There are 2 protein chains.
Amino acid sequence: MDIMNDTQSRVREVFSEYLSEKGHRKTPERFAILVEIYEIIGHFDIEELYVKMKNKNYRVSRATLYNTIELLLDCDLIKKHQFNNSSHFEKSFQFKQHDHLILDSGEVLEFCDPRILNIRKTIEEIYNVEISDHKLYFYGKKKE
Amino acid sequence: MDIMNDTQSRVREVFSEYLSEKGHRKTPERFAILVEIYEIIGHFDIEELYVKMKNKNYRVSRATLYNTIELLLDCDLIKKHQFNNSSHFEKSFQFKQHDHLILDSGEVLEFCDPRILNIRKTIEEIYNVEISDHKLYFYGKKKE
DNA sequence: ATTCTTGCAAACCATTTGCACAAGG
DNA sequence: CCTTGTGCAAATGGTTTGCAAGAAT
């Protein structure tokens, strides 16, 4: 079994367990949406996902996409971002933690810097909180 | 002249120069909105600003608020945030750079950590970009 | 005088809701 | 069965747009 299929099955398992724990039903629609999302490279928005599934002749509604996205966010299988005045998502299971550099042009680059974890620890101590996640965005433009 | 009035006049000046540079007109509405925003402590959204001004018997429309907010963002007099599924703003002139810790409860705390600047420098070098701004959000919950 | 800006109302569009039917437990 | 979840269509609500009147330059 190759890496992608392995990810697929582990992701399914995570979602399955989450649905059980929360007493939600394991519908084929929910797993189909999960699979479609995990096929996407990079960011996506609801409309793109809707079109992708419609093109594959899925009978799916936007309402169900919104509902399922909510569940996937809750069990940390996807992450939501809001910049440039729109919402988009990305898969987050077993993908290296990364943040975003948003350029003037609209281009979005990803980067990874472990020093953010030090800041995180400090904030946890100062405020006596347990931090589960972070989002860091830099805004800039290319130098000539 | 006390500190607040001093800020007021400097902010007006910044906005005034920006409007000149960009060839936009200096309307009383624009300055009134600026003043109202700078009276607000903490975050606000468009509706709150609209109600605040209506209560003071301003004759102002939401359309103008949206337009003016756009100008104020462009000249860096305010900053926009989108978390918990809504847009809100805060004034940003001469207020210490800070980031946000968003708790489960919906509570939003502010913090300041200079180490973010080191990360920023590194990213500028690696990607050969000029970073003008950043936003860092931590998500967590209070420990008992 | 010309052009930009305003308030108002209508339009827009992403997201949510209501409902009847389908299907998971 | 009972209840949750689904697709569809209508409703919602924040934001944008079109337009006639008003104001800045």
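What you see is a predicted model; the values in this text were computed from it and never measured. Every chain is numbered from 1 and lettered A, B, ... according to where its sequence line falls, protein lines coming before strand lines.
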Between D:dT6 and A:Arg30, is there an OP1 or OP2 to side-chain N/O distance shorter than 4.0 Å? yes
Looking at A:Thr27, I'd like to know whether one of its side-chain N or O atoms comes within less than 4.0 Å of OP1 or OP2 on D:dT4. no
Looking at [options], which one has an atom nearest to any side-chain atom of [X]?
X       : options               : result
A:Val60 : C:dG7, C:dT15, D:dG7  : D:dG7
A:Glu29 : C:dT5, D:dT6, C:dG25  : D:dT6
A:Lys26 : D:dG7, C:dT5, C:dG25  : C:dG25
B:Arg62 : C:dT15, D:dA9, D:dT15 : D:dT15

Answer yes if the ring centres of A:Phe111 and A:His100 are under 6.0 angstrom apart, and no otherwise. no
Tell me, which of residues 64-89 of chain A have any heavy atom that sits under 4.0 Å from an atom in DNA chain D? A:Thr64
Within a strict 4.5 Å, meaning less than it, do heavy atoms of the [X] and [Y] side chains meet?
X       : Y        : answer
B:Glu48 : B:His43  : no
A:Lys26 : A:Phe31  : yes
A:His88 : A:Phe44  : no
B:Ile69 : B:Ile33  : no
B:Val35 : B:Arg12  : yes
A:Gln97 : A:Cys112 : yes

B:Ile46 or B:Arg25: which one's nearest nucleotide on DNA chain D is closer to the 5' end? B:Ile46
From [atom1] of [X] over to [atom2] of [N], roughly how many Å is that when rounded to an integer?
X       : N      : atom1 : atom2 : value
A:Tyr58 : D:dG5  : OH    : P     : 20 Å
B:Ile33 : C:dG7  : CD1   : P     : 7 Å
B:Leu49 : D:dT15 : CG    : C1'   : 15 Å
A:Lys22 : C:dG25 : NZ    : P     : 18 Å
B:Met53 : C:dG7  : CE    : C1'   : 13 Å
A:Tyr50 : C:dC13 : OH    : P     : 16 Å

For the base of C:dT6, is there a side-chain donor-acceptor partner from B:Arg59 under 3.5 Å away? no
